[in-house]
Amino acid sequence: MGSTPILQTDIAANLRQVASAMVAALNAADRSGDKIDLVAVSKTHPAERVRLALESGHQLFGENRVQEAGAKWPALKEEFPQARLHLIGPLQTNKVRGVLPLFDVIETVDRPKLARSLAAEMSRQGRRPICFVQVNTGEEAQKAGVLPGEADAFIEQCRGDLELPIAGLMCIPPVNEEPAMHFALLAKIAARNGLSRLSMGMSHDFETAIEFGATEVRVGTAIFGPRGP
Ligand SMILES: *Cc1c(COP(=O)(O)O)cnc(C)c1O
């Protein structure tokens with residue numbers, strides 16, 4: 001059996017621990033009735049390690065690189081047909097065609113060109129994964145996402161003309177800032193646009209995100225351990 005059972009126990013134990021921290025955060029926020037999704041971020045971790053999470057019963061995962069996901073996930077999805085995959089990293093328009101069959105949710109819709117490309121390819125393929133609009137709440141030059149001041153118009157364009165299935169918003173707060181104000185801003189933009197889902201919160205701040213209304217958290221390190229350099 002080698003070391004596999006130990007690793008599996010690790011990941012299963014980590015998943016349980018994160019799940020119970022999520023329940024505690026929901027209770028603390030007076031949201032005990034809410035059910036929220038745990039997206040296990042498996043980027044950089046090899047398929048064997050991801051398989052351990054799948055074998056422990058977890059079904060929802062996130063990857064940030066299209067190419068890496070394309071190498072890892074078709075076989076895993078064949079083995080575990082219940083598995084669901086979120087794209088949480090940047091999407092180039094020339095990758096849209098290959099992304100639609102593999103991902104169940106695309107969290108990083110952030111510019112008109114990509115939105116148009118997604119709409120066209122969805123019509124062509126007849127496959128319409130749920131989409132989130134990524135908002136650059138910290139207005140960081142190097143970060144993807146629509147600017148907060150342009151979010152309403154972009155959301156309207158996506159839902160109106162392009163008829164994209166936009167379900168919610170996603171953000172990645174700046175690393176050196178208190179995340180709470182970014183979560184609050186994302187929740188405010190979602191509320192005024194009638195969007196119910198909020199993807200926010202990672203290993204170090206998912207409890208705060210839950211306090212501010214997260215409906216899904218994206219947790220990597222706390223489940224799979226540290227990533228390589
Ligand atoms: C890597 C990543 C995460 C997970 O980060 P951890 O700190 O390992 O939990 C969440 N969201 C996005 C967009 C990521 O790229």
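Predicted model, so just to flag it, every value in this text is computed and none were measured. Order of listing sets the numbers, starting from 1, for every ligand and every atom in it.
Between R218 and D37 there is no salt bridge, since none of the side-chain N atoms of the basic residue sits less than 4.0 Å from a carboxylate O of the acidic one.
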Salt bridge (Lys or Arg N to Asp or Glu O under 4.0 Å) evaluation trace for E121 with R124: CA-CA 5 Å; E121 198 55 33; R124 202 169 296 140; 2.6 Å; yes

Which side-chain N or O atoms in residues 179-191 pair as donor and acceptor under 3.5 Å with protein atoms at least two apart or in another chain?
residue	atom	partner	partner atom	Å
H182	ND1	T137	OG1	2.9
H182	NE2	E177	OE1	2.7

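Looking only at distances, no side-chain donor or acceptor of H45 sits under 3.5 Å from a matching main-chain atom of G220. The backbone N or O of T44 lies less than 3.5 Å from a partner atom in the side chain of E68, making a donor-acceptor pair.
When heavy-atom distances to ligand 1 are checked against 4.0 Å, the residues falling inside are V41, K43, I88, M170, I172, M202, S203, R218, V219, G220, T221, R227, ordered by chain and number.
Crowding of Q17 atom CD: a count of heavy atoms from other residues, nucleotides or ligands under 6.0 Å not exceeding 12.
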